[in-house]
Amino acid sequence: MPVTLTLSHFDPEQITQSGQCFRMVGVDGSTHELIAFGRCLRVTTLGGGRYRFTCTPAEMAALWRAYFDLDTDYAALLAAAPPDDAFLQQAIRRGHGLRILRQEPWETLCGFILSQRKNLKAIRLSMETLAAAYGAPIPGSARNAFPAPARLAACTEAELRALGLGYRAPYILDAARRVASGALDLAAIAALPDEALLAALMQVNGVGMKVADCVMLFAYARYRRAPVDVWIRRVIDQVYGGASPFAGYGAYAGIYQQYLFVRMRDGDVSV
DNA sequence: AACCAGGGGTACC
DNA sequence: GGTACCCATGGT
C-alpha cells in the first residue's frame, strides 16, 4: 500500500549525493532506495512535485515523515539566509531539494567514524560491507539492516579490520561497546543541550569535533552545528578569506553548511 | 605540533 | 596498468 505525497524542497537525488547518508542509492532514473529502521524504502519521483513511497500511511506517519524532516519549512529557512552572501545564495539555488535528514543516531555515529579520510563512495562501500557481514536480513531485500551495537560489540578488532575498516576498526568497537553496555545512551542524550550532547559524543574514541557535529546535525537535528571538513575548510579559506561565516548564520547554520559543502565539492560550474 | 593511519577513488600519463 | 594524490579526521 504505497503512499503518494506532493512535496516541495524535496529531491531524493540531491539528498543521496549530499554526503550526509550512506545507504541511500539511485536504482534507476526516477527511483531511490534506502535502508533505515531495519526496513527498505523506495521513493519514486513522479513529476509535478509528487513522490511515491513504498510504505503504509502508518509507517509514513510514524517513521519516514520525521526521517525526511517533512515538517520543517525549507522555503522559510532558506529565505532567511543572508541576502548579501552571494556564494551561499548561489549554493542554495543549485542545491534545490536538499534537506537535512533525521537519521538513526547509532548508524550515523558509525558512518561518520568510518568517514575519516574516505570519500563518499568508499564510505558507502564500508557501510554496505559492514551490513552484509553483521546486519540482520530484511525481508524482500538483498541488503541487510545496519548491524546492532551488540552485534558489533561481539566482534574482534581483527574481524572488523578484515572488512577493510583500517585504523577505524577500534573506534567502531569502542562505540559499539559503550552503546551496547549502556554507558552511552544514544536515545537519552537527545534531551541534552548542544554543548553537553557534543561532550557525550566526543567521549567515544575516534570521535572528534567534526564527527560529533555531523552526528548532531544529521541524526539529532541540531541545525546550529556546522561541521568543518576539508571541503568546508576550503570554503572558509578560499571564499570567505579565512573568516568562518557560520557564527553569523544563526539557527540554521548547519543547514546552510550542507548547501555550501555540496556547492564546493561539485565544483565551479557556472551559476 | 608534526606525523601517521588502510585502502578505494580518480586523474593523468 | 602505473602511479601519485585525494578523501565529510583524530590520536599520539
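Sequence lines set the chain letters: A, B, ... in the order given, protein chains first and strands last, and positions in each chain run from 1.
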Nucleotide N/O to protein N/O under 3.5 Å, stretch nucleotides 10-13 of chain B:
unit_1	atom_1	unit_2	atom_2	d
B/dT10	OP1	A/K121	NZ	3.3
B/dT10	OP2	A/K121	NZ	3.4

Students often mix this up, so state it plainly: with edges at 30° and 60°, are the rings of [X] and [Y] parallel, tilted or perpendicular?
| X | Y | value |
| --- | --- | --- |
| A/H9 | A/H96 | tilted |
| A/Y51 | A/F53 | tilted |
| A/F68 | A/W64 | tilted |

Going by heavy atoms closer than 4.0 Å, what residues in [range] are next to DNA chain C?
| range | value |
| --- | --- |
| residues 167-175 of chain A | A/Y167, A/Y171 |
| residues 226-239 of chain A | A/D229, A/V230, A/W231, A/R234 |
| residues 203-214 of chain A | A/N205, A/G206, A/V207, A/G208, A/M209, A/K210, A/V211 |
| residues 9-24 of chain A | A/S18, A/G19 |
| residues 99-115 of chain A | A/F112, A/S115 |

Does the distance from a Lys or Arg side-chain N to an Asp or Glu carboxylate O, for [X] and [Y], drop under 4.0 Å?
| X | Y | answer |
| --- | --- | --- |
| A/R161 | A/E157 | yes |
| A/E33 | A/R143 | yes |
| A/R233 | A/D229 | no |

For [X], side chain to side chain contact (heavy atoms under 4.5 Å, CB included) partners two or more places apart:
| X | result |
| --- | --- |
| A/L125 | A/T129 |
| A/S30 | A/D28, A/T44 |
| A/L63 | A/F37, A/R39 |

Those residues of residues 153-161 of chain A lying under 4.0 Å from DNA chain B by at least one heavy atom: A/R161

Those residues at least two apart in sequence (or on a different chain) that pass side chain to side chain donor-acceptor pair (under 3.5 Å) with A/H32 are A/E13

Measure the spacing between CG of A/D174 and CD1 of A/I113 and express it to the nearest 0.5 Å. 8.0 Å

To the nearest 0.5 Å, how far apart are OH in A/Y259 and OG in A/S18? 10.0 Å

The single option from A/Y171, A/F218, A/W106 passing ring-ring contact (aromatic ring centres under 6.0 Å, His included) against A/F112: A/F218

Between B/dT10 and C/dT9, how far is it from one P atom to the other, in whole Å? 16 Å

B/dA11 to C/dA8 separation - P atoms, rounded to the nearest Å: 13 Å

What about A/F10 and A/Y74, are their ring centers closer than 6.0 Å? no

Is the centre of the A/Y256 ring less than 6.0 Å from the centre of the A/Y223 ring? no

Checking all strands, does A/L120 fall into the base, sugar-phosphate, or nothing category for heavy-atom contacts under 4.0 angstrom? sugar-phosphate

Tell me yes or no: between the side chains of A/R263 and A/Q90, is some donor less than 3.5 Å from an acceptor? yes

Just by distance, no angles: are the side chains of A/R52 and A/T4 close enough, under 3.5 Å, to form a donor-acceptor pair? no

Test your reading of the model: is there a side-chain donor-acceptor pair from A/T45 to the backbone of A/G47, 3.5 Å cut-off? no

Does any pair with a residue in residues 188-198 of chain A pass salt bridge (charged side-chain N to carboxylate O under 4.0 Å, His left out), and if so which ones, sequence neighbours excluded? A/D194-A/R222, A/E195-A/R225

